[in-house]
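Small disclaimer: the values here were computed from a predicted structure and weren't measured.
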Amino acid sequence: MKTILSRRSFALGTLGLLGCATAHAQDATDKTPAVPPPPPKPVSKTICFVGGYTKHAPPGGAGNGEGIAVFEMDRETGVLTPVTTFTDIASPSFITLSHDKRFLYALSEIDDFNKDGDGSVTAFAVDRKTGSLKKLNTVSSGGAVPAHLSVHHSGRYVLVANYMGGSVGVLPIRPDGSLGPATDVVHNTGPRQPERAADNPQGNFAVSDHSGSHPHMIQSDPSGKFVIADDAGLDRVYVWTLNLQTGKLVPAKVPYYDMTPGSAPRHFQFNRSGKLMYNLCEQDSKIVVSAFDPQTGAINNLQSVSTVTSHFRGSTLAAEILISADDRFVYASNRLGDSLAVFKVGEDGTLTLQDEAWMHADYGRAMMFDPSGNFLFCANQRSDAVTSFRIDKASGQLGFTENFTPVGSPTTFAFMDTEV
């Protein structure tokens with residue numbers, strides 16, 4: 001007898017078979033191992049190096065620092081998180097990185113490195129992935145108590161200003177980043193200057209040391225053709241060229257420029273074109289704006305403007321000067337008065353004081369932008385703390401982040417973004 005299937009029965013049977021096949025397929029799918037998500041892409045970090053005075057500093061300069069402190073900076077908040085501290089160095093009161101960030105150079109503000117009473121400069125290799133430091137070598141700075149150093153535009157020499165030694169030194173950079181003995185040491189001489197400037201802020205009892213030559217900063221202009229030094233003791237700005245083959249400094253056609261007697265020129269900045277120079281004078285707390293000729297090294301003063309407001313009365317000493325990456329704003333720090341001056345740069349390069357911000361700490365010396373230019377950091381020597389400010393890039397205004405980073409006697413910064 002034949003079995004006859006209805007269309008409905010056939011359809012239901014077919015659906016059943018399809019359901020079984022689907023179930024088996026689902027079972028197979030469930031047993032397929034899950035593909036792990038791709039690992040997160042590595043990102044660079046922002047490293048901040050902070051130096052300052054240790055117990056090994058000269059009389060009057062001894063401090064609470066331990067060496068070169070290394071921090072990681074939060075790019076959103078500006079918070080500095082401690083990573084490590086390199087302690088095998090005395091009073092690294094100024095530090096700087098090579099142009100490629102592979103090496104860090106730190107002076108020791110001392111006067112007992114050798115029998116001549118010199119200070120010293122130490123070279124470090126920098127791990128570009130972590131920011132860790134490896135000491136390469138230490139050499140004489142060419143004079144006592146160095147106060148500033150920089151890497152020449154060519155990347156071939158470190159230039160150092162020896163404050164108490166009254167000299168500037170040229171140190172060759174070897175292929176491995178270490179330093180060789182000085183190829184040149186130049187001693188400045190000149191007449192004795194007054195301890196205070198005639199154009200001091202009213203009620204300023206602070207004095208600058210004018211007992212002799214005291215170079216406070218040395219750096220090449222943006223073109224690298226000239227080397228400029230501020231001598232805070234002789235109230236002069238010196239100009240040289242540097243022979244890249246011999247490492248010798250050669251005086252420019254006009255070898256130096258006299259500043260206001262007693263004003264103590266301390267630190268300077270150039271704009272991007274290299275045709276405007278902003279020179280901060282310590283004792284009278286003034287910025288001198290000058291036209292700079294990149295061909296001849298000639299300096300012509302255009303303006304002198306105070307770093308404190310007209311209503312300020314009392315003692316103050318200007319310390320550091322910065323210019324924003326877009327050349328629109330200039331910032332200066334005032335010790336004793338504990339203020340940060342914010343200037344707007346006019347079309348002709350002259351300055352207008354538009355704000356005065358409180359440091360929220362005592363005796364702010366060095367200032368530095370982070371690599372993004374979003375934050376300004378201030379090293380407050382007597383408060384043993386670093387404070388930071390968020391920068392409004394449209395207006396130049398500073399907003400206190402309310403972040404305090406404890407660091408013993410901080411005086412200097414260097415920043416770098418790590419490699420991925």
* Kindly indicate whether the side chain of Leu136, heavy atoms from C-beta on, has any atom under 4.5 Å from the side chain of Arg174. => no
* Has the side chain of Tyr157 got a donor or acceptor atom that lies under 3.5 Å from a matching backbone atom of Leu244? -> yes
* **Stepwise side-chain contact (heavy atoms from CB on, under 4.5 Å) test for Val330 and Ile321** => CA-CA 7 Å; Val330 166; Ile321 184 168; 3.9 Å; yes
* To do: Verify, without hydrogens or angle tests, whether Lys45 (side chain) and Thr130 (backbone) share a donor-acceptor contact under 3.5 angstrom.
  => no
* To do: Return yes if a side-chain donor-acceptor contact under 3.5 Å exists between Thr46 and Arg75, otherwise no.
  => yes
* Side-chain contact test, heavy atoms from C-beta onward, threshold under 4.5 Å: evaluate it for Pro265 versus Asp235 and give yes or no. => yes
* Report yes or no: does Lys275 contribute a side-chain atom to a donor-acceptor pair with the main-chain N or O of Pro294 at less than 3.5 Å? => no
* More than 12 non-hydrogen atoms from neighbouring residues, nucleotides or ligands closer than 6.0 Å to CD on Glu66, yes or no? -> no
* **Any side-chain heavy-atom pair of Asp176 and Phe103 under 4.5 Å** => no
* Given side-chain contact (heavy atoms from CB on, under 4.5 Å), test Arg156 with Ile173 step by step and report yes or no. => CA-CA 5 Å; Arg156 297 172 58 180; Ile173 299 175; 5.7 Å; no
* Identify which one of Ile47, Asp370, Thr405 satisfies the side chain to side chain contact (heavy atoms under 4.5 Å, CB included) criterion when paired with Met73. => Asp370
* Audit row: Phe86, Phe124, ring-ring contact (aromatic ring centres under 6.0 Å, His included) steps and yes/no -> CA-CA 11 Å; Phe86 187 92; Phe124 297 90; 4.9 Å; yes
* Asked: Could you go step by step and tell me if Asn403 and Leu80 meet the side-chain contact (heavy atoms from CB on, under 4.5 Å) rule?
  -> CA-CA 8 Å; Asn403 297 328; Leu80 299 178; over 6 Å; no
* Asked: Quick one: does Ser220's side chain have a donor or acceptor within less than 3.5 Å of a partner on His152's backbone?
  -> no
* Where do Arg128 and Met416 land on the side-chain contact (heavy atoms from CB on, under 4.5 Å) test, with the steps shown first? -> CA-CA 9 Å; Arg128 292 287 284 114; Met416 62 170 268; 3.0 Å; yes
* **4.5 Å side-chain heavy-atom contact, Phe312 and Gln202** => no
* Got a sec, which residues hit ring-ring contact (aromatic ring centres under 6.0 Å, His included) with Phe71, two or more places apart in sequence or on another chain? -> none
* Pair Thr54, His56: side-chain N/O donor-acceptor within cut-off below 3.5 Å -> no
* Asked: Taking the side chain from Arg192 and the backbone from His210, do they hold a donor-acceptor pair closer than 3.5 Å?
  -> yes
* Asked: Can you check whether Val207 reaches Arg196 side chain to side chain, under 4.5 Å on heavy atoms?
  -> yes
* Going by heavy atoms in the side chains, are Val121 and Pro146 under 4.5 Å from each other? -> no
* Structure fact -> So the salt bridge (charged side-chain N to carboxylate O under 4.0 Å, His left out) pairs with at least one residue in residues 276-304 (sequence neighbours excluded) are Asp199-Lys286, Arg266-Glu282, Glu282-Arg335
* Is a side-chain donor-acceptor pair under 3.5 Å present for Ser44 with Asp417? -> no
* N/O donor-acceptor pair under 3.5 Å between Asp258 side chain and Arg236 backbone -> no
* Contacts of type ring-ring contact (aromatic ring centres under 6.0 Å, His included), residue Tyr53, not counting sequence neighbours -> none
* Asked: Do Ser372 side-chain atoms and Asn374 backbone N/O form a donor-acceptor pair below 3.5 Å?
  -> yes
* **Member of Phe377, Phe375, Phe369, Phe49 meeting the ring-ring contact (aromatic ring centres under 6.0 Å, His included) criterion with Phe415** => Phe377
* May I ask you to check whether Ser93 and Thr411 show a side-chain donor-acceptor distance below 3.5 Å? => no
* Rounded to the nearest 0.5 Å, what's the gap from OG1 on Thr241 to NZ on Lys225? Could you check? => 8.5 Å
* Would you kindly say whether Thr387 and Asn380 are connected by a side-chain donor-acceptor distance under 3.5 Å? => yes
* To do: Could you walk me through whether Thr350 and Gln303 pass side chain to side chain donor-acceptor pair (under 3.5 Å), step by step?
  => CA-CA 7 Å; Thr350 57; Gln303 180 196 28; 4.5 Å; no
* To do: For Ser339 and Asn334, test the side chains for any donor-to-acceptor distance below 3.5 angstrom and give the result as yes or no.
  => yes
* To do: Can you spot which of Val168, Val185, Val170, Leu149 makes a side chain to side chain contact (heavy atoms under 4.5 Å, CB included) with Val160?
  => Leu149
* Asked: If you round to the nearest 0.5 Å, how far is CG of Leu276 from CG of Asp327?
  -> 8.0 Å
* Report yes or no: do Gln397 and Asp355 form a side-chain donor-acceptor pair below 3.5 Å? => yes
* Between the side chains of Gln219 and Ser150, does any donor sit under 3.5 Å from an acceptor? -> no
* Asked: Counting only N and O atoms by type, is there a donor-acceptor contact under 3.5 Å from the side chain of Lys129 to the main-chain atoms of Val420?
  -> yes
* Distance only, no hydrogens: is a donor on one side chain within 3.5 Å (strictly under) of an acceptor on the other, for Ser333 and Glu320? -> no
* Do side-chain atoms of Thr183 reach the backbone of Gly247 as a donor and acceptor pair under 3.5 angstrom? -> yes
* Got a second to check how far Leu133's CG is from Asp127's CG, nearest 0.5 Å? -> 9.5 Å
* **Heavy-atom side-chain proximity of Thr296 to Lys253 below 4.5 angstrom** => no
* Asked: Are Ser140 and Ser120 side-chain neighbours, meaning at least one heavy-atom pair lies under 4.5 Å?
  -> no
